[in-house]
Every structure is written in structure tokens, then in C-alpha cells.
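The figures that follow rest on heavy atoms only: side chains count, while hydrogens, waters and symmetry mates do not. Chain letters run A, B, ... following the sequence lines, proteins first, then strands; residues in each count from 1.
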Number of protein chains: 2
Amino acid sequence: MESSHERSGWSERAAQALAAAGYRRGGARSAIVELLGEQSCALSAAEIEHELRGRSRKVSRASVYRVIEELEGAGLLARVEVGQGSVRFEPALEGPGHHHHLVCERCGRLQPFSDEGLERAIRRLSERMPARISEHEIVLRGACEACAPR
Amino acid sequence: MESSHERSGWSERAAQALAAAGYRRGGARSAIVELLGEQSCALSAAEIEHELRGRSRKVSRASVYRVIEELEGAGLLARVEVGQGSVRFEPALEGPGHHHHLVCERCGRLQPFSDEGLERAIRRLSERMPARISEHEIVLRGACEACAPR
DNA sequence: GTTCCTGCAAAAGATTTGCAGTGAC
DNA sequence: GTCACTGCAAATCTTTTGCAGGAAC
């Protein structure tokens with residue numbers, strides 16, 4: 001888990017990157033970027049809309065999807081698909097914040113984890129593949145600690 | 001890549017498992033199981049419907065989804081989500097046929113691959129996690145050999 | 001003042017469900 | 001003959017798009 005300092009760093013980087021790409025500092029866009037920067041794990045579009053409705057300001061579903069698309073295009077947002085009906089998104093962090101997900105098959109909760117051995121195996125494999133690998137995503141499924149303690 | 005012998009083995013196992021679970025040997029169900037058993041990589045629900053329309057018999061979209069659900073519930077079918085609008089499915093093979101996917105960001109093609117180093121890293125990690133891991137899914141993204149030869 | 005941003009409502013896709021007729025046992 | 005299976009059509013849910021008014025620059 002990374003510090004909130006690093007996460008808020010993402011919001012700033014994202015805001016700068018969008019500005020550099022010629023986007024204006026609109027209300028919906030800023031609110032979405034700020035909310036995403038505070039998250040420790042992935043949110044769906046509906047969750048982003050719902051969360052903002054109760055907080056900073058109401059933002060339309062359409063704007064949520066539009067901003068998500070901009071951020072994903074700039075490589076700032078990672079798409080997380082875990083088979084629960086809707087796609088989820090989270091800040092794309094390299095190095096320290098990089099993580100993957102465990103989905104509990106009983107309670108449906110999403111838990112982040114990271115493992116250097118796994119990253120090393122991915123790096124080695126990427127070098128041997130006849131393709132240029134730019135990203136990877138790993139999802140583990142099973143019963144989480146709360147649902148099936150060992 | 002596994003032999004067609006192993007793949008057809010899946011159809012038989014799946015048919016038996018469904019029969020044991022009390023399902024009857026209906027036309028749509030049999031056709032779908034047979035088609036899936038012949039595949040070397042994942043198909044979407046629409047692809048299954050379209051493929052069957054040209055071959056063995058016409059099967060409705062609803063039946064495709066219903067049979068997929070039965071097979072997935074029995075642990076015979078693996079769900080593959082690679083962010084292309086629709087979910088894909090393929091026979092769940094353990095051991096020799098086990099593989100993961102590379103998605104080309106340019107042409108969108110899906111390519112299977114397998115790597116023992118990666119599997120080893122997953123096994124080690126699973127033992128150390130405070131959860132009971134039953135499955136894992138790995139997706140690599142990048143430019144495939146045809147789109148960006150090294 | 002111009003151009004981009006946003007919300008609303010409608011559209012487009014994917015998946016699920018209800019129901020009546022058909023088929024497996 | 002009974003109960004499950006299937007297709008059709010309608011419903012539901014997520015995501016995308018068109019357009020008109022409002023905001024950033």
C-alpha cells in the first residue's frame with residue numbers, strides 16, 4: 001500500500017498531463033481526477049459517479065466515462081476487469097505503487113497485492129516473447145482471509 | 001499448444017459433468033459444448049452463436065449464455081476479459097493445456113502463451129497469501145509480432 | 001468571443017429474464 | 001406424461017453519442 005502522499009502526487013501529475021494535452025480545467029474533470037487520486041483500489045464508473053454525488057459535486061455519468069477515456073489514453077489510468085458486470089479503474093502507478101488484484105469469490109471484495117517474484121517472472125517472460133509487451137495484469141481468484149481463514 | 005485429442009477430451013468430460021449434475025442432453029447444449037471443445041483460444045458469446053449458425057445448428061443467444069453459465073459454475077469454462085467490449089470463454093484446462101493471453105493493442109488479436117516460470121511464481125505466491133487461491137488469470141498487453149516485429 | 005466542457009436524453013451493445021412451445025427421459 | 005430445454009421477445013444494465021447551454025481561456 002502506498003502513502004497518501006504518493007497518491008495525491010498522481011492527481012497533480014494527471015492534472016498537469018491533461019493540461020499539457022490541451023484540456024481545460026473544468027469542474028467535472030477536476031473532481032474526477034481528485035477522487036481517483038485518493039483511491040487505494042479500483043472503482044467502477046457508477047461508483048465514481050455515486051461517490052462524487054455525495055461529496056465535491058454532482059457529475060454526470062457521461063462525463064465520468066469521457067474523463068476516464070482521456071486518462072486511459074494518456075496512460076494515467078489502469079483498467080481492471082474482474083468479471084463483476086462493470087469495468088473498474090484506478091491510477092496507473094509504476095514502481096512503488098504497482099499492484100495486482102485478488103477477487104474473493106464469496107464476498108466479491110477486491111484486494112490489492114504485490115509480489116516481486118511475480119514481477120521478475122513477468123519481466124523475464126517479456127524479454128523472451130516475440131512481441132513488445134507494455135503492460136500486464138494479474139487477477140487471482142479464491143476465498144479471501146475473512147471468508148475462509150486458514 | 002495442446003493436441004486435438006486433449007481438447008476433444010474436454011467435450012466429453014464437460015458432457016459427463018453436466019449429465020452428472022442432472023442436465024439433459026439437449027441439442028443446443030451439446031452443440032455448444034462440442035464447439036467449445038474444438039477451440040484453441042477464447043470465444044465471445046456472439047462468436048459462439050455465429051459460428052454455430054454456420055455449422056451444426058442454429059442456437060439462440062439466450063441458450064449460449066445459459067450454457068456458458070452452467071459450464072462456468074461447474075468450473076469447466078474459464079472467463080477471459082481483455083477489454084474489448086465483450087467477455088470471452090474457453091475450456092478450463094489444467095496442466096498441459098493451461099495458458100494465458102497476450103492482447104495486441106494494435107490489431108486486437110488474442111494470442112495464447114504459457115510459461116513455467118510464471119506458474120511457479122504464482123504457486124509460491126499463493127502459498128504465502130492469507131487467502132485460498134483457486135484460480136489465476138494473466139493478461140499481457142502490447143504489440144504482437146505481426147504488428148511490431150523486433 | 002471562440003472553443004471546449006458538461007449534462008441530459010437517446011442510442012447502442014451486451015447480457016438476463018419471462019413465457020410458451022418442443023423435446024428428453 | 002412430466003419436467004427440463006430452447007427460442008423469441010422484452011427487459012435490464014453498462015457504456016457511448018448527439019446536441020444545446022454554460023464555462024474556461
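The distance from atom CD1 of B:Ile68 to atom C1' of D:dT6 is 15 Å, rounded to the nearest whole Å. Atoms CD (A:Gln84) and C1' (D:dT14) sit 14 Å apart, rounded to a whole Å. Whole-Å rounding puts the B:Glu49 CD to C:dA14 C1' distance at 12 Å. As a whole-Å value, the separation of B:Ile48 CD1 from D:dG7 P is 14 Å. When the P atom of D:dA23 is taken as reference, atom CZ of A:Arg29 falls 16 Å away, rounded to whole Å. Note: CD (A:Glu70) to P (D:dT16) measures 13 Å, nearest angstrom. Between A:Tyr23 atom OH and D:dA23 atom P there is a gap of 22 Å when expressed in whole angstrom units.
Between A:Ser56 and A:Glu34, every side-chain heavy-atom pair lies at or beyond the 4.5 Å cut-off.
Between the side chain of B:Arg61 and the base of C:dT15, no donor-acceptor pair under 3.5 Å is found. One cannot find a donor-acceptor pair under 3.5 Å joining the base of C:dG23 and the side-chain atoms of B:Arg25.
Ranked by how close their nearest DNA chain C nucleotide is to the 5' end, B:Ala62 and A:Gly26 are led by A:Gly26. Along DNA chain D, the nucleotide nearest to B:Lys58 and the one nearest to B:Gly22 differ in position, and the one closer to the 5' end is contacted by B:Gly22.
Among the nucleotides D:dA23, D:dT14, C:dT15, the one closest to any side-chain atom of A:Arg24 is D:dA23.
We find that A:Arg79 and A:Glu135 are not joined by a salt bridge, their nearest charged nitrogen and carboxylate oxygen being 4.0 Å or further apart.
Residue contacts shown for B:Arg66 include a base, since a base heavy atom lies under 4.0 Å away. Nucleic acid contact class of A:Ala28 (heavy atoms, under 4.0 Å, all strands): sugar-phosphate only.
Across A:Ala131 and B:Cys144, no two heavy atoms sit closer than the pair CB-CA, 3.8 Å. Taking each heavy atom of B:Ala31 and B:Leu52 in turn, the nearest pair found is O-CD2, 3.8 Å.
Relative ring orientation between B:His100 and B:His136 is described as tilted, the plane-to-plane angle lying within the 30° to 60° band.
Taking only side-chain nitrogens and oxygens, B:Ser63 never comes nearer than 4.0 Å to OP1 or OP2 of D:dT6. For the OP1/OP2 pair of C:dG7 and a distance below 4.0 Å, the side-chain nitrogens and oxygens of A:Arg57 include at least one atom meeting the criterion.
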